[in-house]
Visitor: 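Structure provided below as structure tokens; questions to follow.
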Amino acid sequence: MAWLYLFVAGLFETGWAIGLKYTDGFTRLVPTLLTLASMVVSLGLLGLALKHLPVGTAYAIWTGIGTVGTAALGIWLFGEPAGVLRLACIGLIVAGIIGLKLVA
């Protein structure tokens with residue numbers, strides 16, 4: 001169950017990172033409230049996962065999922081560049097996440 005908590009926490013991290021863009025500097029109420037809620041859920045689930053997983057592994061995977069998700073949504077939603085080198089680097093992060101899961 002800890003791995004599921006960690007995965008969902010990473011998805012919510014992606015949500016709050018993308019949400020920050022929509023808050024317009026925390027001047028828009030609804031996006032700000034949704035972003036703050038995503039932060040709380042993400043950290044809460046990370047805390048639950050840390051009851052059973054090593055902190056270094058869990059934190060690296062949590063941030064990795066958030067990083068990959070945010071980068072992918074940045075490309076899709078905001079038209080950020082998707083060059084070969086950038087995608088390869090994102091792939092390296094995915095490989096690191098998988099590697100950490102396999103050795104944990």
Visitor: For residues Tyr22 and Leu77, determine if any side-chain heavy atom of one lies less than 4.5 Å from a side-chain heavy atom of the other.
Guide: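 Counting from C-beta outward, Tyr22 and Leu77 do come under 4.5 Å.
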Visitor: If we only count heavy atoms from C-beta on, is the Lys51 to Leu48 side-chain gap below 4.5 Å?
Guide: yes
Visitor: Going by the side chain to side chain contact (heavy atoms under 4.5 Å, CB included) test, name the single residue among Val40, Leu20, Val30 that passes it with Thr35.
Guide: Leu20
Visitor: Work out which heavy atom in Glu13 is nearest to a heavy atom in Gly66; give both atom names and the distance.
Guide: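 Glu13 and Gly66 have their closest heavy atoms at OE1-CA, 3.4 Å.
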Visitor: Given side chains that start at C-beta, do those of Arg86 and Glu80 come closer than 4.5 Å, heavy atoms only?
Guide: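 In short, these two side chains touch, coming nearer than 4.5 Å.
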Visitor: If we only count heavy atoms from C-beta on, is the Leu53 to Trp3 side-chain gap below 4.5 Å?
Guide: yes
Visitor: Kindly work out whether a path of hydrophobic side-chain contacts (I/L/V/M/F/W/Y, heavy atoms less than 4.5 Å apart) joins Ile98 to Ile93.
Guide: yes
Visitor: Measuring from atom OG1 of Thr57 to atom CD1 of Ile97, what distance do you get when rounded to the nearest 0.5 angstrom?
Guide: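 Rounded to the nearest 0.5 Å, the OG1-CD1 separation comes out at 12.5 Å.
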Visitor: Does a side-chain heavy-atom distance below 4.5 Å link Val8 with Val41?
Guide: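 No, too far: nothing below the 4.5 Å cut-off.
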Visitor: Measuring from atom CH2 of Trp62 to atom CG of Leu43, what distance do you get when rounded to the nearest 0.5 angstrom?
Guide: 5.0 Å
Visitor: Following the transitive rule for hydrophobic clusters with a side-chain heavy-atom cut-off under 4.5 Å over Ile, Leu, Val, Met, Phe, Trp and Tyr, establish whether Val94 and Leu102 coincide in one cluster.
Guide: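 Both belong to a single hydrophobic cluster.
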Visitor: Give the minimum heavy-atom separation between Ala9 and Ser42, together with the two atoms involved.
Guide: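 Closest heavy-atom pair between Ala9 and Ser42: O-OG, 2.9 Å.
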Visitor: Should Pro31 and Phe26 count as side-chain neighbours, where that means a heavy-atom distance under 4.5 Å?
Guide: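 No; the side chains remain at least 4.5 Å from each other.
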Visitor: Indicate, with yes or no, if Leu73 and Ile75 share a hydrophobic cluster defined by side-chain heavy-atom contacts under 4.5 Å among Ile, Leu, Val, Met, Phe, Trp and Tyr.
Guide: no
Visitor: Do Phe12 and Tyr5 have their ring centres less than 6.0 Å from each other?
Guide: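 No, too far apart.
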Visitor: Hey, could you give me the CG/CG distance between Leu92 and Leu87, rounded to the nearest 0.5 Å?
Guide: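 If we round to the nearest 0.5 Å, Leu92:CG and Leu87:CG are 11.0 Å apart.
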Visitor: Are the side chains of Ile18 and Thr70 in contact, using a 4.5 Å heavy-atom criterion?
Guide: yes
Visitor: Roughly how far, to the nearest 0.5 Å, is CG of Leu34 from CZ of Arg28?
Guide: 10.5 Å
Visitor: Look at the side-chain heavy atoms of Ile, Leu, Val, Met, Phe, Trp and Tyr, link any pair under 4.5 Å apart, and say whether Leu45 and Met39 land in one connected group.
Guide: no
Visitor: Which heavy-atom pair separates Ala2 from Ala49 by the least distance, and what is that distance?
Guide: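 Result for this residue pair: O-CB, 3.5 Å.
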Visitor: Out of curiosity, does Leu100 fall in the hydrophobic cluster containing Tyr59 (side-chain heavy atoms, cut-off under 4.5 Å, transitive links)?
Guide: yes
